[in-house]
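Reading through the structure tokens given below for one structure.
Below, each value reflects all heavy atoms present in this structure, side chains not excepted, and no hydrogens, waters or symmetry copies. Count residues from 1 along the sequence.
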Amino acid sequence: MIQKITLSFFKVLILFSILLFARSNAYAQTIAPQTFDGLEKLCAGNSFNEFYASFSYIDFPAGTTFVVELSDAAGNFTTPVATTLLQTVDVSATQKTIKYAVPTNLVGFDTYSLRVKSSTGVTSTRFRNSLGNTAFPAYFKPYESSFFINGKIDTAMLCAGGSLTISVSADTPSPINISNIKYKWYKDDVLIAGQSSKDIVINSTGKYYAEIDYGQCSDVNFSSNRVNVVSSSNGSNVTINSSLGNPFCASGTGTILTATSGNSYAWKKDGVLIAGATNRTYSTNESGVYSVEVDFGGCKATGTIDLKSNSFDASIDAEDGYKLSEGETVTVTINTDAADATYEWYLNDNLIPNETTRSYVVAVKGNYKAKVSLASGCVSSKEFTFRINGESGPSSVIPNIIKLSGMNPYWNIPDEYKNANTKVMIISSNGDMVLDVVNYQGDWPQNNVDFKNVNPVYYYVIQSDTGEKKGSITVIK
């Protein structure tokens, strides 16, 4: 009996020793943080995101791996934030240094903690920063540049008793499309408490600017332009100036209308709102009554200008497509209010010589153009085009006489030969080719004809889809 008790006692003793040894081994695995890279805080961003954590360790089996973990923003490791392992350096058999990066979506806060965790589940105590604190700021800064507020305009007006909203602008560069960014707003270089959005409503004058709020990782270089908000009495007068004066010369790109400086603008022409015209300036080439409503921040005022043009009005009484009878003439007249104008007349894009009055007698069919221009001052012009057709029948005969002093000083062939598929050639009696064209438009001769002692004779050849026609042309004075 004593022998059985002794044997049982030894079994229990051996089992206890094994458990004690295993438990002592488990507690022997330790990780001791050494340095926190000599930093007070983890300020990461697109331009920099590499940090180091050095530690010593003992009694870990071969192949054990280690990672760096961040606590949550409140400093708890219940749900730790994983970092990105960049490199592990074995300093010695019991020391390692891990290079890591913080997550790019990290929600910045000032009370993070850092630890190392092994693949066996053992964790270190919290690292201390260079100030000896276990809680420190950690931020990832997705935007690292200056930006603009108030549409890049450095002044704004505020009416007495009114308010004004100043916003972060979308003008490049801009952080406006990056989520979760907070801002700090300043007035006269003093932080405005409780303002963190991209907009701020103000009701007092001063110099305002914004800064991206990265907590203790904030950088004054990531701030906006300064906006000087000045007072504007209620019902301020608005004036509109024309860069080319009033009246102005309605040519080129036009005149630029500029309103009194304010915060926002809405332009109208003849009482109708102009879509998209919301800048301080508006460019136009048209006369009319222009007005602009200017918002000064809590009060609005409207200015008006009756913009007039130094250009002129003109019209022509030609009937486009008129059918001219054989032997008929039609007088075409330009009507204009221009006091000093010049006139030009064209037939088939060729200038008609010596026709410089506002009326022209049309005697032949073809494509006409009339041009009226101001000769001095505001130089501008207007053009009118019209076509004169002819009757069928007799007009289809190819004329063989041209009377230069008559109402029809050109060799005007029937319309069926005026196309791109017809070739017209005219040859002098000496055998010289004086005309060789396709799509002839009834505009020969262009130059003076040398009569000498006789009326010159020319020969024509018309080659069309319907065949070839030949004949002679006698030119008389």
Side-chain angles (χ1 to χ4, degrees), residues 43-49 103-108 139-159 162-215 217-230 232 238 253 256-268 273-284 292-301:
C43 298
N46 292 319
S47 62
F48 175 80
N49 192 5
T104 58
N105 61 348
L106 181 70
V107 178
Y139 287 81
F140 183 86
K141 299 177 285 187
Y143 185 88
E144 298 176 281
S145 181
S146 59
F147 55 98
F148 297 100
I149 61 174
N150 199 43
K152 303 177 71 172
I153 301 174
D154 292 337
T155 58
M157 290 188 179
L158 179 68
C159 297
S163 62
L164 171 67
T165 300
I166 295 181
S167 304
V168 175
S169 304
D171 301 273
T172 304
S174 174
I176 197 168
N177 292 322
I178 301 177
S179 60
N180 299 324
I181 282 189
K182 295 181 179 180
Y183 299 88
K184 294 189 289 187
W185 289 89
Y186 294 82
K187 175 191 173 186
D188 298 328
D189 295 321
V190 177
L191 179 67
I192 304 173
Q195 299 294 327
S196 61
S197 72
K198 63 181 181 64
D199 307 302
I200 184 173
V201 178
I202 62 176
N203 51 27
S204 61
T205 59
K207 291 185 178 180
Y208 292 82
Y209 73 94
E211 181 181 294
I212 296 180
D213 186 2
Y214 289 133
C217 289
S218 297
D219 189 325
V220 294
N221 293 314
F222 307 155
S223 61
S224 72
N225 55 312
R226 269 59 172 169
V227 176
N228 187 24
V229 178
V230 297
S232 175
V238 174
T253 57
I256 297 175
L257 303 180
T258 303
T260 302
S261 177
N263 301 319
S264 63
Y265 312 85
W267 288 88
K268 294 180 180 180
L273 188 68
I274 305 172
T278 57
N279 294 323
R280 185 184 176 188
T281 60
Y282 181 72
S283 179
T284 182
V292 59
E293 183 182 70
V294 181
D295 187 342
F296 293 103
C299 63
K300 296 180 180 180

Please tell me if the side chains of Thr172 and Phe148 come closer than 4.5 Å, counting only heavy atoms from C-beta onward.
-> no
Ignoring hydrogens and angles, tell me if any N or O in the side chain of Asp295 forms a donor-acceptor pair with the backbone of Lys300 under 3.5 Å.
-> no
Between Gly206 and Lys187, which heavy-atom pair has the shortest distance, and what is it?
-> CA-CE, 4.4 Å
Gly151 and Asp171: which non-hydrogen atoms are nearest, and at how many Å?
-> CA-OD2, 3.9 Å
Shortest non-hydrogen separation from Asn46 to Pro142 and the atoms involved = ND2-O, 2.9 Å
Examine distances only and state if a side-chain atom of Ser174 and a backbone atom of Ile176 form a donor-acceptor pair shorter than 3.5 Å.
-> yes
4.5 Å side-chain heavy-atom contact, Ser224 and Phe147 | yes
With a 4.5 Å heavy-atom cut-off, do Ile149 and Asn225 have their side chains touching?
-> yes
How far apart are the C-alpha atoms of Asn180 and Val107, what are their side-chain angles, what is the distance that settles it, and do they pass the side-chain contact (heavy atoms from CB on, under 4.5 Å) test?
-> CA-CA 8 Å; Asn180 299 324; Val107 178; 5.7 Å; no
Identify each donor-acceptor pair in which a side-chain atom of residues 207-215 lies under 3.5 Å from a protein atom, sequence neighbours left out, and give them as a table.
residue : atom : partner : partner atom : Å
Tyr208  : OH   : Ser204  : O            : 2.8
Tyr208  : OH   : Ser204  : OG           : 3.3
Glu211  : OE2  : Lys184  : NZ           : 3.3
Asp213  : OD1  : Gly215  : N            : 2.9
Tyr214  : OH   : Tyr143  : N            : 3.2
Tyr214  : OH   : Tyr143  : O            : 2.8

Measure the NZ-CG distance between Lys141 and Leu106 for me, rounded to the nearest 0.5 Å.
-> 12.5 Å
Got a sec, which residues hit side-chain contact (heavy atoms from CB on, under 4.5 Å) with Ile274, two or more places apart in sequence or on another chain?
-> Trp267, Lys269, Ala277, Tyr282, Tyr290
Indicate yes or no: at least one non-hydrogen side-chain atom of Tyr183 is less than 4.5 angstrom from one of Lys198.
-> yes
Closest heavy-atom pair and its distance - Pro173, Ser145 | CG-OG, 4.1 Å
For Asp219, which residues count as a side-chain contact (heavy atoms from CB on, under 4.5 Å) partner, sequence neighbours excluded?
-> Asn221, Phe222
Rounding to 0.5 Å, atoms CD1 (Ile202) and OG1 (Thr165) come to a distance of 8.5 Å
Close side-chain approach of Thr258 to Arg280, heavy-atom, < 4.5 Å | yes
Say whether, by atom type as modelled, one donor and one acceptor occur between the side chain of Thr205 and the main chain of Val230 under 3.5 angstrom.
-> no
Pairwise side-chain contact, Ser196 with Trp185, heavy-atom cut-off 4.5 Å (strictly under) = no
Give the minimum heavy-atom separation between Ser169 and Asn150, together with the two atoms involved.
-> OG-N, 3.4 Å
Sub-4.5 Å side-chain heavy-atom contact between Tyr265 and Val294 = yes
Is the backbone of Ser47 close enough, under 3.5 Å, to the side chain of Glu144 for a donor and an acceptor to pair up by distance?
-> yes
Test side-chain contact (heavy atoms from CB on, under 4.5 Å), reference Val229, set Leu158, Asn263, Thr155, output is Leu158
Passes side chain to side chain donor-acceptor pair (under 3.5 Å), Ser163 versus Asn203? Steps please.
-> CA-CA 5 Å; Ser163 62; Asn203 51 27; over 6 Å; no
Tightest non-hydrogen contact, residues Phe296 and Ala301, listed as CE1-CB, 3.9 Å
